Amino acid sequence: MRVHGLLEDVDAQKFNWTDMPALPTLQGRRSLPAHHEKVDDMAINPWTAIGYAIRSAHIVGDTKGAAVRLDNSIAEDETRGVKTLYCGRAQSNDGSHNVYTITAEPGAHGEQVYWLPWGQNPMAAISALNNSGATFFLTSEFSGCYFVGCNGVVMHTAAGYKQNQGHPLAHALAEMQEWGEELDQDTSQRFVLAPFSEGTRPGVTDVYGTAGTAHRSVVMGWKQPGTPPQWCFAYQDLTMTTSRFGIWRRLRPQ
């Protein structure tokens, strides 16, 4: 049995709608159906589906959804901050899966997104995300980089960051600790997303990709309404040769 709707291709026996706590709507949009109701996938705002995929990954565990892709209009943007980004849904070229393409080009479904571009260890404080007015967080696609976070900050660490001075992950963790000490923030609980080839490195909590192939992933965050708001971060494995392709998994400090 398959569930059709906001989260396509979810195995109904692993994802039980009736066992989920009630979820708020995203900016007034309709909430998830409380049962296995068939809805028109093409009519659903893709941002709504992505938001609930991220949230459900935190509530019930691994959640499969359409693959997220960044087009060049945003992937090549080197300026951080809030952007109005658009998202459209289509099938992949080979027809094997659905794709949500995120773009800076105006389209039908726009949303306020905090964009953290690839660079030399760019960092975003959670307080800055809270004050930005954005509903979503997005950073550049991963193909060997690391995503590191704690309760106060998240950072996208390039695979070659300060590599001539030691391992880039060691530098990232040291800089996060230094940031915490300056602002009196506890950074001892954290998550570290790394490529599969670096999965045994101390401190790594999550991996993307698989052996013998190029690793690819995307990381996003969704702001859960509340006072104060709570940010839920998750990553989607986009390595075609892994059984985890399309799966959203939560990133949570531990």
Side-chain angles (χ1 to χ4, degrees), residues 50-51 53-55 57-58 62-63 65 67-70 74-75 77-78 80-81 85 102 113-129 132 134 136-163 167-180 185 187-210 214-223 230-239 242 244-254:
I50 292 172
I54 294 170
R55 182 61 176 143
H58 278 256
D62 293 355
T63 301
V68 171
R69 186 184 75 85
L70 280 57
I74 182 60
D77 189 335
E78 298 180 356
R80 77 171 66 198
L85 299 182
I102 297 177
V113 181
Y114 190 99
W115 168 247
L116 185 67
W118 179 90
Q120 292 300 305
N121 211 35
M123 181 185 300
I126 301 300
S127 58
L129 300 184
S132 70
F136 288 89
F137 166 89
L138 175 65
T139 186
S140 308
E141 287 188 11
F142 290 74
S143 58
C145 298
Y146 305 83
F147 190 70
V148 182
C150 61
N151 289 321
V153 69
V154 291
M155 51 208 304
H156 181 155
T157 301
Y161 180 59
K162 293 185 178 180
Q163 198 167 28
H167 196 276
L169 183 55
H171 293 298
L173 294 176
E175 290 178 12
M176 187 172 71
Q177 182 176 350
E178 181 180 346
W179 174 90
Q185 293 274 346
T187 62
S188 60
Q189 291 187 312
R190 55 185 180 243
F191 58 76
V192 176
L193 175 65
F196 181 86
S197 57
E198 294 289 316
T200 59
R201 187 166 293 279
V204 172
T205 60
D206 301 271
V207 298
Y208 62 95
T210 189
H215 312 316
R216 289 189 61 237
S217 181
V218 65
V219 172
M220 295 189 69
W222 171 60
K223 184 172 68 176
Q230 298 292 319
W231 280 89
C232 300
F233 295 95
Y235 71 99
Q236 185 184 48
D237 203 317
L238 297 176
T239 309
T242 177
R244 298 188 301 274
F245 177 79
I247 297 291
W248 286 97
R249 287 186 170 176
R250 71 184 186 186
L251 291 169
R252 179 179 292 177
Q254 51 190 273

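Just so it is clear, the model here is predicted, and its values are computed rather than measured. Numbers for residues simply follow the sequence, beginning at 1.
The distance from the CD1 atom of I74 to the CZ atom of R69 is 12.5 Å, given to the nearest 0.5 Å. Separating the NZ atom in K223 from the OH atom in Y114 is a distance of 13.0 Å, to the nearest 0.5 Å. Atoms OG1 and CZ, on T205 and R190 in that order, are 9.5 Å from each other to the nearest 0.5 Å.
The two residues P195 and C145 come nearest to each other via the heavy atoms CD-O, 3.5 Å. Heavy atoms only, all atoms of each residue included: S217 and Y235 are closest at OG-CD1, 3.7 Å. Taking both residues in full, the closest heavy atoms of T239 and A214 are given as CG2-O, 3.4 Å, listed atom of the first, atom of the second, then distance. In terms of heavy atoms, P117 sits closest to P122 at O-CG, 3.1 Å. C150 and T187 make their closest contact through SG-CG2, 3.8 Å (heavy atoms, listed as atom of the first residue, atom of the second, distance). Between I54 and A234, the shortest heavy-atom contact is CG2-CB, 4.0 Å.
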Side chains of residues 247-254: which donor-acceptor pairs under 3.5 Å do they make with residues two or more places apart or in other chains?
residue : atom : partner : partner atom : Å
R249    : NE   : D62     : OD1          : 3.2
R249    : NE   : D62     : OD2          : 3.0
R249    : NH2  : D62     : OD2          : 3.2
R250    : NH1  : H58     : O            : 3.3
R252    : NH2  : H58     : ND1          : 3.3

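Counting only heavy atoms from C-beta outward, the side chains of W179 and M155 never approach each other to under 4.5 Å. Two residues are said to be in side-chain contact when any heavy atoms from C-beta on lie closer than 4.5 Å; F142 and H215 fail this criterion. Contact check for I102 versus M220: side-chain heavy atoms found under the 4.5 Å cut-off. Within the 4.5 Å cutoff, no side-chain heavy atoms of Q236 are placed close to those of Y208.
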Would V192 and M176 count as a side chain to side chain contact (heavy atoms under 4.5 Å, CB included) if you check the C-alpha gap in whole Å, the side-chain angles of each, and the deciding distance to 0.1 Å?
CA-CA 12 Å; V192 176; M176 187 172 71; over 6 Å; no

- Checking side chain to side chain contact (heavy atoms under 4.5 Å, CB included) for the pair W115/L70: CA distance, chi angles, key distance, verdict? CA-CA 12 Å; W115 168 247; L70 280 57; 3.7 Å; yes

Show the numbers, then the answer: is there a side chain to side chain contact (heavy atoms under 4.5 Å, CB included) between V154 and T139? CA-CA 10 Å; V154 291; T139 186; over 6 Å; no

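Between the side chain of E141 and the main chain of V218, no donor-acceptor pair closer than 3.5 Å is present. Remark: the backbone N or O of R216 is not paired with any side-chain donor or acceptor of S143 at under 3.5 angstrom. With Q189 contributing its side chain and N151 its backbone, the two residues share no donor-acceptor pair below 3.5 Å.
Aromatic ring orientation, F137 versus F147: tilted (interplanar angle from 30° to 60°).
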